[in-house]
2 protein chains.
Amino acid sequence: MEKKKYERKTLQTQNDIKEALIFLMEEKNFNTITIRDITNCARINRGTFYLHYLDKYDLLEKCEQEILEHLDERYNEILTPNLKQFLISDTPHPFIVDIFTYFQENAPFLKAVLGPNGDPSFEEKVRRLIIKKMFRNVSNFTNIENLNMPIEMIAHFIVSALIGVVRYWLNTNMQQTPKEIASMLFQIMNKGTLEAMGIKKYILEHNISEEI
Amino acid sequence: MEKKKYERKTLQTQNDIKEALIFLMEEKNFNTITIRDITNCARINRGTFYLHYLDKYDLLEKCEQEILEHLDERYNEILTPNLKQFLISDTPHPFIVDIFTYFQENAPFLKAVLGPNGDPSFEEKVRRLIIKKMFRNVSNFTNIENLNMPIEMIAHFIVSALIGVVRYWLNTNMQQTPKEIASMLFQIMNKGTLEAMGIKKYILEHNISEEI
DNA sequence: TAGAAAATCAACACGATGTTAAATTTTAAA
DNA sequence: TTTAAAATTTAACATCGTGTTGATTTTCTA
């Protein structure tokens, strides 16, 4: 109680700072953003910034940590779902739908931090988190030893593709619902890319010669 | 002739500077690297740096541009290959093999610039370049209008997955040959991820119940 | 409304930046 | 080997962002 006396004001200031950072990151590179830029944008004194954060990297990391912790908490209870839906339909795994939903809720920050002026170490942290969640039980459903490539490689393939689709989706202003985009993602993953592009079908129908 | 009199020395200095940048980027964040760090590492005077580059961002961009131009030139003559090999075998597209080969040749720089301390705008440029090359003729092999998702989305899926596999490969010190890793990538793309992970087969063999 | 917490303000030392002019070293051609 | 041009070095400079400090003002809430 006594420690949280004035926390409303503090939180307001910290929120102003974070919003200023997100606003600035949408148009200029994080490297070129100065503390003064941030405090001007947040309409606070430059000294105030240092009452809350060590430096701009500390600020960025705390913004990122917030996202990562929410993502982590949000999916700790999700159990391994019905596997059949992977195989017989395009119904996406609810874990993936929730990822898109959460990314949609935090679109401005994530668009900035995953964008060309963003922070590649954040993307790596997201990759690691998702791989941890998605692949924790994978050995229950396949013999890893029998595969002719490392399972980690497939994991990186999937997670990079997932984040790539997220980035595409954010950059095209989220024309699809989270469920729709997750369903599209699942179609590509399950059918393979050639089938998803309709190339297999087209070649059969048009009887394309072997050499072109 | 008269203009290239002393270019050997100039090129040597510029090369020293670039090598110093790559060396430093392997261990510390680009943002935290100073001009003095670079010139100390390259054993040249700090002022000399400014005879060659505007600032460290100019240096980074010129290093990146070199890679991108080589990538671009290298594949301008590659024709659309036999499409059947996409469908009936795991023989990877020579374009993809060449990407891995070129990335292997420039592993130290690419590992650094695609890594967590790297430059996300470079990855975007690589994505754009590869999409341009890979998808220039795609409408010859499928009816884009009939797809139930945007072809650009599939393009971003594929290219992000490709770069994800490249990153995995670089970070695990390239245990596979370019042809091997490209072949693995193609297996995942063509079979789909579930089949590549052996999950379809496992579930059929073990008769796993619908709910778990 | 009084007291405590938070934010502001002004001033400071510090270090990296980018520029300059003069001196020095390196290079390649005569 | 000499020599003139080119490249680099050196030292000095103003500028800017950083992070800190102590005194002051504003804001909140009890």
Side-chain angles (χ1 to χ4, degrees), chain A residues 1-64 66 112 117-119 121, chain B residues 1-64 66 112 117-119 121:
Chain A
M1 189 103 53
E2 51 278 295
K3 288 191 178 178
K4 294 188 175 180
K5 253 186 188 172
Y6 295 88
E7 78 166 11
R8 182 186 299 172
K9 191 181 181 184
T10 299
L11 286 176
Q12 178 60 48
T13 303
Q14 291 181 355
N15 209 51
D16 290 346
I17 293 174
K18 285 176 184 172
E19 279 179 6
L21 176 67
I22 293 168
F23 178 82
L24 290 167
M25 277 182 76
E26 285 174 38
E27 41 190 60
K28 62 189 295 194
N29 193 301
F30 179 75
N31 310 325
T32 69
I33 297 173
T34 65
I35 308 286
R36 188 177 298 282
D37 288 339
I38 296 169
T39 54
N40 280 349
C41 188
R43 299 172 178 282
I44 59 163
N45 187 273
R46 190 170 71 87
T48 306
F49 179 91
Y50 294 100
L51 301 176
H52 299 281
Y53 303 102
L54 292 174
D55 52 31
K56 65 174 182 168
Y57 304 102
D58 184 45
L59 166 63
L60 179 64
E61 217 216 295
K62 275 172 178 152
C63 292
E64 293 176 353
E66 226 171 82
N117 296 334
D119 173 15
S121 83
Chain B
M1 193 112 38
E2 51 277 298
K3 289 189 178 181
K4 295 189 176 184
K5 250 187 190 174
Y6 297 86
E7 78 165 11
R8 180 186 299 174
K9 191 181 183 185
T10 299
L11 286 177
Q12 178 59 48
T13 303
Q14 290 181 355
N15 208 52
D16 290 347
I17 293 174
K18 286 176 184 172
E19 279 179 7
L21 175 68
I22 293 169
F23 178 81
L24 290 168
M25 278 182 77
E26 285 174 39
E27 42 189 61
K28 61 189 296 194
N29 194 301
F30 179 74
N31 310 326
T32 69
I33 296 173
T34 66
I35 308 286
R36 189 176 298 281
D37 288 339
I38 296 169
T39 52
N40 280 349
C41 188
R43 298 171 177 280
I44 58 162
N45 188 274
R46 191 171 69 87
T48 306
F49 179 92
Y50 294 100
L51 300 175
H52 298 282
Y53 303 102
L54 292 173
D55 52 31
K56 65 175 181 167
Y57 303 102
D58 184 45
L59 165 63
L60 180 64
E61 217 216 293
K62 276 174 176 150
C63 291
E64 295 175 353
E66 224 172 81
N117 296 334
D119 173 15
S121 82

Length of the line joining Tyr53(B):OH and dT19(C):P, which is rounded to integer Å: 16 Å
Select one nucleotide: of dG19(D), dG18(C), dA28(C), the one nearest the side-chain heavy atoms of Ile35(B). dG18(C)
Rounded distance (Å) that lies between atom C1' of dG15(C) and atom NZ of Lys56(B): 14 Å
Output yes when at least one side-chain N/O atom of Thr10(A) is less than 4.0 Å from OP1 or OP2 of dA6(C), else no. yes
Could you tell me how far apart Ile44(A) (CD1) and dT26(D) (P) are, to the nearest whole angstrom? 18 Å
Considering all heavy atoms, the nearest Tyr53(A)-Gln14(A) contact: OH-CB, 3.6 Å
For the base of dG17(D), is there a side-chain donor-acceptor partner from Arg46(A) under 3.5 Å away? no
Provide, to the nearest angstrom, the distance between the CG atom belonging to Asp55(B) and the C1' atom belonging to dC16(D). 15 Å
With rounding to the nearest 0.5 angstrom, report the CD1 to CG distance, Ile33(A) to Leu24(A). 5.0 Å
For the pair made of CZ in Phe49(A) and C1' in dG17(D), what is the distance, rounded to whole Å? 13 Å
When you compare the side chains of Asp16(B) and Thr13(B), does any donor N or O come within less than 3.5 Å of an acceptor on the partner? no
Might you point out which heavy atoms bring Ile44(B) and Phe49(B) nearest each other, and give the distance in Å? CD1-N, 4.3 Å
dA7(C) phosphate, OP1 or OP2, under 4.0 Å from Asn45(A) side-chain N/O: no
So does His52(B) get a side-chain nitrogen or oxygen closer than 4.0 Å to the phosphate oxygens (OP1/OP2) of dT8(D)? yes
Between dT17(C) atom C1' and Asp58(B) atom CG, what is the distance in whole Å? 15 Å
Just N and O in the side chain of Thr13(B): are any of them under 4.0 Å from OP1 or OP2 of dA7(D)? no
Which of these nucleotides, dG18(C), dA6(C), dT27(C), is closest to any side-chain atom of Lys9(A)? dA6(C)
Can you tell me if Tyr50(B) touches the phosphate of dG18(C), counting only side-chain N or O atoms and a distance under 4.0 Å to OP1 or OP2? yes
Whole Å only: how far is the CZ atom of Arg36(B) from the P atom of dC14(C)? 16 Å
Ignoring hydrogens, what is the shortest heavy-atom contact between Lys18(A) and Cys63(A)? Give both atom names and the distance. CG-SG, 3.5 Å
Could you give the CD-to-P distance, from Gln12(A) to dT8(C), as a whole number of Å? 12 Å
Answer with base, sugar-phosphate or nothing: what part of the nucleic acid does Thr48(B) contact at a heavy-atom distance below 4.0 Å? base
